[in-house]
Amino acid sequence: MAKKAIPFSSPKIGLREIAAVGKVLKSGWLTTGGENRLFEEEFALKTGARHALSVNSATSALHLILEALGIGLDDWVITTPYTFTASAEILRYLGAHPLFVDIEGKTGNIDPDEIERAIRENLNSPMPRSIKAILPVHLAGIACDMDRIMEISRKYDIPVIEDCAHAFPVLYRSRSDMTLRYLGTIGEGGAFSFYANKTITTGEGGMVTVNRDDLRDRISLMRLHGIDRDVWNRYSSSAGHLSWQYDIKAPGYKYNLTNFQAALGRGQLKRAEKFKADRSAQARRYEEAFGPLDTIETPPFGEDHAWHIYMIRIVPEKLSLGRDEFLKALFDRGINCSVHYRPLHMMSYYRDTYGFRNDDFPRALDLYGRTISLPLYAGLGRKRQKRVIKAVLEVSRQFRCGE
Ligand SMILES: Cc1ncc(COP(=O)(O)O)c(C=O)c1O
C-alpha cells in the first residue's frame with residue numbers, strides 16, 4: 001500500500017486545549033470574554049509588551065496599528081515585496097501605498113540599506129512622498145536587522161511596525177546594548193498571527209502588541225465598532241442592567257476574537273516554547289542532511305528563530321531540473337511542499353497598480369525562483385521527517401548535473 005502523503009503543515013491541538021474550548025462553549029459566553037483578557041495578559045507577560053490586544057487575524061492587527069498611528073490617504077509605508085499580501089493590502093484599506101524595497105540575499109528579510117536609500121531618494125526628490133512608517137516582516141521566523149532599522153527610524157523619525165506573523169516567540173539581541181527583547185516589542189507595534197499553520201494557532205486569530213497607552217486606547221476602540229466599552233465589560237459589571245448603554249466614538253471595525261478561540265490560544269501559548277524546540281530540532285536535522293550538498297542552499301539559523309517555515313534554495317547550475325520540477329518530484333514521492341513567496345510586485349494587482357517589472361527587486365526575484373518550503377511543524381515527527389529528507393536527497397542526487 002502506498003504511504004500516506006506528508007502534509008505541508010498541520011496544527012498540533014492537545015486534549016487539554018480541546019477541553020478548554022469545550023468548557024467555554026458550554027459556558028454560554030462565546031464572543032470576546034474573560035478568556036480574551038487572560039490570553040492578552042499572558043501574551044503581554046510572555047513578550048514583555050506593555051499591552052497585548054487579541055484580534056481575529058494578523059491582518060486586522062496590522063490594519064489597527066497603522067490606523068492608530070494615523071496613516072491614511074496618499075501616505076507611503078516602506079515594506080518588503082517578499083511577503084504575504086496582508087502586509088501590504090492593509091495600506092490600501094487606508095488609501096496608503098506600499099513603497100517596496102529589495103531584500104537581503106541571505107535571510108530574505110527587508111534590506112536596511114535599501115530602506116535608507118529609499119528615504120534619502122525621497123528626501124532629494126522634487127516631489128517627495130509622505131513616508132509614514134517602516135513595516136519589516138520577520139520572514140520565516142528570523143529577525144530582520146532591527147538594530148539598523150531602529151537606527152533609521154530614529155534618524156528620520158519614522159515609526160516601525162513589526163509584522164511578526166511568522167515570528168513568535170523570537171528573542172532579538174540588540175548589538176548596541178546586548179539587551180534581549182521579543183520581536184514585536186521593538187518597534188511601535190507588533191502584529192502576530194494565530195492562523196491554522198502558524199507557530200501557535202487559534203484557527204484564525206491574531207494579537208497586537210504596543211507599548212504606548214494612546215495606541216492601546218485607539219486600537220481597543222477600533223477593534224470593536226468604535227464602541228467605548230466592550231461587551232464583556234458591559235455585561236460583567238455590577239451595572240449589568242445598563243449594559244445597553246454605550247457610545248460610538250468612531251466608525252470602527254469588527255476585528256474581535258472569540259472567547260473559545262482565546263481559550264485555545266492560552267493552551268497553545270503555554271506550549272509555545274516546546275513547539276519551538278521541536279521545530280528547531282527539525283531544522284537542525286534538515287541542516288545536517290542538506291548542509292553538505294552543493295545542489296541546495298540551507299537557510300541561516302540566526303541567534304533565535306521561530307522556524308515557522310523552512311526554506312531551502314536550489315542551486316540551478318548544479319541541477320538539471322528547475323524549482324517547479326523539484327516540487328513535482330517531491331510531490332510524486334508523497335511530500336507536500338510550498339513556495340514562500342511569489343513576491344507581491346509580481347502579483348497582478350500590485351504590478352498593474354504601480355507598474356512594476358519582475359526585475360525591479362532582483363534579490364526577491366532570485367529567491368522566488370529557487371525557493372522551496374519543506375514540511376516543518378510541531379508534530380511532524382522523526383519518521384516523517386526522515387521521509388522528507390530521503391526524498392530531497394534522492395531528487396537532488398538523481399538530477400545533479402553530470403550524474
Ligand atoms: C507575513 C504575513 N503577514 C501577515 C499575515 C496575515 O496573517 P492572518 O492570516 O492572521 O491575517 C500572514 C499570513 O500568513 C503572513 O504570512
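Predicted, not measured: the structure shown is a model, and the values here were computed from it. Start at 1 and go down the list; that is how both ligands and their atoms are numbered. Any value given below was found using the heavy atoms of this structure, including those in side chains, with hydrogens, waters and symmetry copies removed.
- Put simply, the side chain of Gln268 never gets that close to the backbone of Ile200: no donor and acceptor are under 3.5 Å apart.
- Here the protein heavy atom with the shortest distance to atom 10 (O) of ligand 1 is Ser193 OG, 2.7 Å.
- A donor-acceptor pair under 3.5 Å is absent between the side-chain atoms of Tyr195 and the main chain of Ala165, judged by distance alone.
- Atom 12 (C) of ligand 1 has as its closest protein heavy atom Phe84 CD2, 3.6 Å.
- Contacts with ligand 1 closer than 4.0 Å are made by heavy atoms of both the backbone and the side chain of Thr59.
- Aromatic ring orientation, Phe361 versus Phe100: perpendicular (interplanar angle above 60°, classes split at 30° and 60°).
- In terms of protein heavy-atom proximity, atom 16 (O) of ligand 1 is nearest to His166 NE2, 2.8 Å.
- Atom 2 (C) of ligand 1 has as its closest protein heavy atom Ala165 CB, 3.4 Å.
- Less than 4.0 angstrom separates some heavy atom of Thr83 from each of these atoms of ligand 1: 1 (C).
- Each of the following atoms of ligand 1 lies closer than 4.0 Å to a heavy atom of Tyr341: 16 (O).
- Contacts with ligand 1 closer than 4.0 Å are made by heavy atoms of both the backbone and the side chain of Ser57.
- Under a 4.0 angstrom heavy-atom cut-off, Lys198 registers as being in contact with ligand 1.
- Proximity of Ser87 to ligand 1 is established by a heavy-atom distance of less than 4.0 Å.
- Residues Leu69 and Ile161 are in side-chain contact: their nearest non-hydrogen atoms beyond the backbone lie under 4.5 Å apart.
- For Ala86, every heavy-atom contact with ligand 1 shorter than 4.0 Å involves the side chain, none the backbone.
- From Met207, atom CE reaches atom CG of Asn36 across 8.0 Å, with rounding to the nearest 0.5 Å.
- Heavy atoms only, all atoms of each residue included: Ala118 and Val101 are closest at CB-CG1, 3.7 Å.
- Contacts with ligand 1 closer than 4.0 Å are made by no heavy atom of Tyr82, backbone or side chain.
- Annotation: cation-pi geometry satisfied between Arg323 and Tyr368 (NZ/CZ under 6.0 angstrom from ring centroid, within 45° of ring axis).
- Under the 30°/60° scheme for interplanar angles, the aromatic rings of Tyr286 and Tyr310 are found to be tilted.
- Atoms of ligand 1 found under 4.0 Å from any heavy atom of Gly205, numbered from 1 in the order shown, are 10 (O).
- Within a 6.0 Å radius of NZ in Lys46, more than 12 heavy atoms belonging to other residues, nucleotides or ligands are found.
- Within ligand 1, counting atoms from 1 as listed, the ones closer than 4.0 Å to a heavy atom of Val137 are 1 (C).
- Using cut-offs of 30° and 60° for the angle between ring planes, the Phe39 and Phe194 rings count as tilted.
- The single protein non-hydrogen atom nearest to atom 3 (N) of ligand 1 is Asp163 OD2, 2.7 Å, given as residue, atom name and distance.
- Put simply, no part of Phe192 is less than 4.0 Å from ligand 1, judged by heavy atoms.
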